[in-house]
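What follows is a single structure, written as structure tokens, with notes after it.
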Amino acid sequence: MLRETPQAIDAALLLDWYDRHHRDLPWRVSPPMALRGAIANPYHVWLSEVMLQQTTVQAVKAYFEKFLALWPTVEDLAAAATEDVMKAWAGLGYYARARNLKKCAETVAREHGGRFPDSEEGLKALPGIGDYTAAAIAAIAFNRRSAVLDGNVERVISRLYAIETPLPAAKPEMRALVYSLTPADRPGDFAQAMMDLGATICTPKRPACALCPFRGNCRALAVADPETFPRKAARKEKPLRLGAAFVAIDGSEAVYLRKRPESGLLGGMTEVPGTDWTSRRDGDTSIAAQPFAAHWEPCGSVSHVFTHFELRLSVYRAIVDGARPGMHGWWEPIATLAEQALPSVMKKAIAQAIPQAFKSG
DNA sequence: AAGGCGTGGAG
DNA sequence: TCTCCAAGCCT
């Protein structure tokens, strides 16, 4: 018979694949252990899921281990100084996640007796936990059947069903499809299996369809080019913004730092003084924008790409002798710069002015 | 609801 | 060099 659509999709195919090919990750209870009754620690699951939002597994591993070493339980994290959390998060990006992480830990410790809610609804009420993260924690840590839809799963589902609707409009349809596929007995493993499949087989470019447990069920593979899914709207280009950064060094080998506002770009993080970052070509990014009078010398520029714009910072350096009037920051010894809550763009600017700044030894 | 919000690695 | 993008959330 002529078959327009592939075979019905069977979660057991994926779970069998997962039992043999799952990735071993620091926050994961892998299938052999799980079969012996080991249960994922909700604190570990939550911490890893927040870190993994729009962030690669490779980048997260070291941060996850560092956080667990510093704060072994959610109560420890709730009791930590926010500044220490920001320092530990520095370099991972999307810093609102760190602020929400701290708030969420405080809420769980104070209002939930140190235990995470075990329902999607309860989880989603917490700061920094949205549709995806609530569903993931519910499934992985509490064995709840839920619709876990992240970027990987969107890609897998869009190919399995050759969904022509572009993202993000297709998300409700995709969410319903994932939910319908999710088995009641191993929802957490199913979710992680879908994500592992998306990360290792059903990849954005050159998917390894020959190795896929769903190769007999995939509509995109049958009738089209899987790589062209999911459909999505063309992105717009990033504007260029210009600015200046001023690296002041005092006689005792310390750098002048200050804190950024709590909200907005790099909110609550540490910076060197600088101008606003403007798209206008007439914005003053010259030495005239100096934060205080000193013998500023230009020492090149650094570029940095943010989510929605590219930044080119002119960097200036001056050797000064300590305090200036009207300064609200502090002098940080070069030796301890690496431990500060400095976002990557600021490390670049400081390294441009002081090449040995972040070199150990 | 569309845009703000980081970073570094892969190809 | 350039493009894409990785386990999204919030407003």
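First the proteins, then the strands, lettered A, B, ... as listed; each starts at 1. Worth knowing before you read on, the calculation uses all heavy atoms, side chains too, and leaves out hydrogens, waters and symmetry mates.
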When rounded to whole Å, the CH2 to P distance for the pair A/Trp277 and B/dG4 reads 15 Å

Can you confirm whether A/Arg115 is buried at CZ, in the sense that more than 12 heavy atoms of other residues, nucleotides or ligands lie under 6.0 Å from that atom? no

Tell me: CD of A/Glu310 to C1' of C/dC2, nearest whole Å? 10 Å

Using the ring of each side chain (for Trp, its six-membered ring), is A/Trp89 parallel, tilted or perpendicular to A/Phe67, with breaks at 30° and 60°? perpendicular

Against the six-membered ring of A/Phe229, is A/Arg155 placed for a cation-pi contact (under 6.0 Å from the centre, within 45° of the normal)? no

Please work out whether the ring planes of A/Trp17 and A/His21 are parallel, tilted or perpendicular, with thresholds of 30° and 60°. tilted

For A/Phe229 and C/dC4, give me the distance from atom CZ to atom P, rounded to whole Å. 19 Å

Would you give a per-nucleotide map of nucleotides 6-11 of chain B, 5' to 3', where B means the base has a protein non-hydrogen atom under 4.0 Å away, S means only the sugar-phosphate does, and - means neither? BBS---

Please work out if A/Val57 contacts a base, only the sugar-phosphate, or nothing of the nucleic acid, heavy-atom cut-off 4.0 Å. base

Without decimals, in angstroms, what is the distance between A/Leu101 CG and C/dC10 P? 12 Å

In whole angstrom, give the distance that lies between atom NE2 of A/His308 and atom C1' of C/dT11. 14 Å

Per-nucleotide pairing state of DNA chain B [Watson-Crick or G-U, under 3.5 Å; [ ] pseudoknot-crossing; | other strand]: .||||.|||||

What is the distance, rounded to the nearest whole Å, between atom NZ of A/Lys232 and atom P of B/dA2? 17 Å

Hey, does A/Ser48 reach any base, or is it just sugar-phosphate, or nothing, if we go heavy atoms under 4.0 Å? nothing

If the C1' atom of C/dA6 is compared with that of B/dC5, how far apart are they to the nearest Å? 15 Å

What's the shortest heavy-atom distance between A/Glu83 and A/Ala341, and which atoms? OE2-CB, 3.9 Å

Whole-Å gap separating C1' (B/dG4) and CG (A/Leu311): 16 Å

Using the six-membered ring of A/Tyr161, assess whether NZ or CZ of A/Arg219 lies under 6.0 Å from its centre and within 45 degrees of the ring axis. no

Report the residue (A/Leu52 or A/Lys124) whose heavy-atom-nearest nucleotide on DNA chain C is the more 5′ of the two. A/Leu52

For B/dG8 versus C/dC9, give the span between their P atoms, rounded off to a whole number of Å. 22 Å

Between A/Tyr179 and A/Arg145, is any side-chain donor less than 3.5 angstrom from a side-chain acceptor? yes

Taking atom types as modelled, find out whether A/Thr228 and A/Asp225 have a side-chain donor-acceptor pair closer than 3.5 angstrom. no

Face-on cation placement of A/Lys347 at A/Phe358 ring, 6.0 Å and 45° thresholds: yes

Tell me the closest heavy-atom pair linking A/Asp196 and A/Arg28, and the distance in Å. OD2-NH1, 2.8 Å

Nucleotide nearest A/Arg155 (side chain, heavy atoms from C-beta), chosen from C/dA6, C/dC5, C/dG8: C/dA6

Nucleotide C/dC5, atom P - distance to CD of A/Glu227 in whole Å: 10 Å

Does a nitrogen or oxygen in the side chain of A/Lys236 sit under 4.0 Å from OP1 or OP2 of B/dG3? yes

If you find the nucleotide of DNA chain C closest to A/Trp27 and the one closest to A/Asn100, which residue's nucleotide is nearer the 5' end? A/Trp27

